[in-house]
Enquirer: 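Quick one: the structure is below, questions incoming.
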Amino acid sequence: MLLFGPPGTGKTLMARQIGKMLNGKDPKIVNGPEVLSKFVGETEKNVRDLFADAEQDQRTLGDASELHVIIFDEIDAICKSRGSTRDGTGVHDSIVNQLLTKAEYFRLLLKPVT
Ligand SMILES: Nc1ncnc2c1ncn2[C@@H]1O[C@H](COP(=O)(O)OP(=O)(O)OP(=O)(O)O)[C@@H](O)[C@H]1O
């Protein structure tokens, strides 16, 4: 689910409320730029770590696992169209790839908030 709109119009608030209504685990709320790291490979690890407990639950509990909700606030700061960022590091493309891989694995309910 993508919530898009001007600043201060309640997108984050709404994402939090929807997360609560789904009766899963407490939503994990991540500010997009928080996952960025200046160290090589660390940003990708930060993204993977976000999904680690959901993966662990899936492995051990299968369909009995509780619902995990991850809310990405300000996701536009980290998810750019692939190939559009020419900073020489490829980190932004890598984040998009990581998220798409995880989303596919979990058939995730992604809640990016910009
Ligand atoms: N419809 C609303 N009812 C009650 N409080 C609201 C509503 N909309 C916004 N607020 C309050 O306004 C503040 C800003 O809202 P919020 O952070 O959810 O906006 P946002 O759209 O995510 O903004 P940004 O794009 O800047 O992150 C919060 O304190 C929130 O509780």
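As a basis for the values below, the full set of heavy atoms in this structure was taken, side chains included, without hydrogen atoms, waters or symmetry mates. We count ligands from 1, going down the list as the structure has it; atoms in each ligand are counted the same way.
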Enquirer: Under 3.5 Å, N or O to N or O, is G8 touching ligand 1 that way?
Expert: yes
Enquirer: Less than 3.5 Å apart, which donor and acceptor atoms pair up between the side chains of residues 15-33 and the rest of the protein, not counting sequence neighbours?
Expert:
residue, atom, partner, partner atom, Å
K28, NZ, L50, O, 2.8
K28, NZ, D53, OD1, 3.0
K28, NZ, D53, OD2, 3.4

Enquirer: For ligand 1, is there an N or O atom under 3.5 Å from any N or O atom of D73?
Expert: no
Enquirer: Would you check if E55 and D57 make a side-chain contact, meaning some heavy-atom pair closer than 4.5 Å?
Expert: no
Enquirer: Under 3.5 Å, side chain of S65 to main-chain N/O of L61, donor-acceptor pair present?
Expert: no
Enquirer: With heavy atoms of E74 as the reference, note each atom of ligand 1 found under 4.0 Å away.
Expert: 27 (O)
Enquirer: Evaluate the side-chain proximity of L13 to K11: yes if any heavy-atom separation is below 4.5 Å, no if none is.
Expert: no
Enquirer: Can you sort out which atoms of ligand 1 are near P7, meaning under 4.0 Å from one of its heavy atoms?
Expert: 23 (O), 24 (P), 25 (O), 26 (O)
